[in-house]
Structure formats: structure tokens, C-alpha cells
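Order of appearance sets the numbers: ligands from 1, and atoms from 1 within every ligand. Only this structure's heavy atoms are used, side chains among them; waters, hydrogens and symmetry mates stay out. Numbers here are sequence positions counted from 1.
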Amino acid sequence: MREKIVAGNWKMNTSIQEGKHLAEDILSGLDRVPEGVTLIVAPPFTHLFPIACLIGARKNPGLAAQNCADRNNGAFTGEVSSSMLASVPCQYVILGHSERRQYYGETNQILLDKIKLALDGGLRPIFCVGEVLSKRESNLHFQIVSSQLREVLCQLDPDEFRKVIVAYEPVWAIGTGKTATSGQAQEMHAFIRAFLAESFGELAESTPILYGGSCKPSNAAEIFAQRDVDGGLIGGASLKADDFLAIAGSFARP
Ligand code: 13P
């Protein structure tokens, strides 16, 4: 059985105090999370350590960073390395988010370097792929996603690849209130799995593929019910503990 994961990407939101409150509210509602569902929170860098202290020895939620450096420790002012993140401790790092690609010029080559360093540092990457609206409208979405997969994940060796979580986030659905239909999500997730199977065979059957883009309590159940959708990467709705927990609760109980 594949892992079921609901991850909250807080992006650049909340003060440390607000973030700690949000984490506390999530921790106090963990009984709403069905058994077998892994919850992950991805607050800003500054919040990671205080939130790790709140989480303590619990397995759930896991802790993710939203980015890491493309270099090892050293003279790289302003950067945060994967080994620093692992020492928080974080278990995951989001890489390849469309906002990083779009606003910070992260190319597939940079992302490959980051993924390798994340894995070396002991973190599991949550690697995001997805097309902008114009590419979907010109029917190039499969082409875009396959090149993002080919140039990054397909360059890993199988032992590295087995630790990766994929997130399909159509850029046109991020923060727009416009969700992909469950049919569009399933179609792309099945495509991603089949594409990865060409390089990694059976391993792709156990790769968690999350959907992201305006996922909310009212649409999560239908999206999560799709065969190749293994959970969600949630932006806006993860900033409200109640909504985030309701989304996690949308998985049909086993
Ligand atoms: P929204 O859920 O706010 O659309 O954001 C999705 C996202 O970018 C998660 O990484």
C-alpha cells in the first residue's frame, strides 16, 4: 500500500508566535487524522526549530522545509543547507515549487543539485512539477511535466528515487481557487507514475504522488479518492488548523 500524505506548505506566512499557535492547534486535533495518514507541516525556516520542539517525539506531523541550498555548508551568505535542516530535525524538504522556479529562477539543473544534497543530508524531497495555464491550453502539459521529471528525478539512482515524494501542482490552480477536476488530477498522476515506471519500474508503484492547487475541505475527498492520488500539498487551507485537519480527514478511513 502506498503512503498517504497531507502536507501543509505555509509559504511566507505567519510570525513565529502565529506559527506556534497554528502548530499547537494542529497537534491538538491529531485525533481527526485517519490512521495511516502522514501529516507534514512546512513552515518558514525561522519557525522550524520552535515547531520541532512542539512536535517533540511524535511521529506525526513530520516537519518539512520549503527549500534548501544547492551547496554544502560554507561561505554562502543567506543560505540554509540540507544538513542544517536535518539537524533541526526536519525529515522533508519541498523542492521545485513553481514559486521557486518562477520567482527565483530555479532550473531543473539547480533542482537536481538540491535533491541530491537533500538526500545526502538525510531529507526526503517533496518534488513539485506542474504546467502553467498556457501550456495546458496548448495541450503541452504532459510534455512539460515529463521534462521536469526526466531532467531531475530520472537522473537519480533507484536508491535515491525510492525516498522521493512527488507533488503535481498545476500552476494555474495554485492560489487561484481553480482546482483541477478529479479527472484531470487522476489523468496526470497516472501519467507521472507511468513515466517514472519507465526509469524505475516497480518502484514507481510505491511513489506517493500528491495533488496541490486550491485543495480544500470541500474538494479533497473527491480528489483523494482517485487511484493515483496519494494525498495533497496544501497552501492557503493549511494556514487554518481546522481546514488542514478536515482535508487530512477526507481520506476514507481504511
Ligand atoms: P494553494 O493550496 O493555496 O492553491 O497552494 C498550493 C501550493 O502551492 C502548495 O504548495
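- The closest approach between a heavy atom of K11 and any atom of ligand 1 is below 4.0 Å.
- Classification of D230 and K4 as a salt-bridged pair fails, no side-chain N sitting under 4.0 Å from a carboxylate O.
- In this structure, G175 counts as a contact residue of ligand 1, since one of its heavy atoms falls inside 4.0 Å of the ligand.
- For ligand 1, one of its N or O atoms has an N or O atom of G236 under 3.5 Å away.
- Here N9 has side-chain heavy atoms under 4.0 Å from ligand 1, and that is the only part of it that gets that close.
- Heavy atoms of A173 found under 4.0 angstrom from ligand 1 belong exclusively to the backbone.
- Of the polar atoms of T176, none of the N or O atoms is found under 3.5 Å from an N or O of ligand 1, judged by distance alone.
- Distances from atom 8 (O) of ligand 1 to the heavy atoms of H97, Q66, E99 show the closest one on H97.
- Taking any N or O of L233, backbone or side chain, none lies under 3.5 Å from an N or O belonging to ligand 1.
- Looking only at distances, no side-chain donor or acceptor of S138 sits under 3.5 Å from a matching main-chain atom of L140.
- Here the side chain of Q148 pairs a donor or acceptor atom with the backbone of G130 at under 3.5 angstrom.
- Relative orientation of the H189 and Y168 rings is perpendicular, given thresholds of 30° and 60° on the angle between their planes.
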Could you walk me through whether R150 and L196 pass the side chain to side chain contact (heavy atoms under 4.5 Å, CB included) test, one step at a time?
-> CA-CA 8 Å; R150 185 183 315 106; L196 292 171; over 6 Å; no
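- Separating the CZ atom in R58 from the CG atom in L27 is a distance of 4.5 Å, to the nearest 0.5 Å.
- Nearest protein heavy-atom neighbour of atom 9 (C) of ligand 1: E169 OE2, 2.9 Å.
- Formation of a donor-acceptor pair under 3.5 Å by the E160 side chain with backbone atoms of D157 is found in this model.
- G235 N, 2.9 Å is the protein heavy atom nearest to atom 2 (O) of ligand 1.
- Applying the 4.0 Å criterion to heavy atoms of G213 picks out, from ligand 1, the atoms 4 (O), 6 (C).
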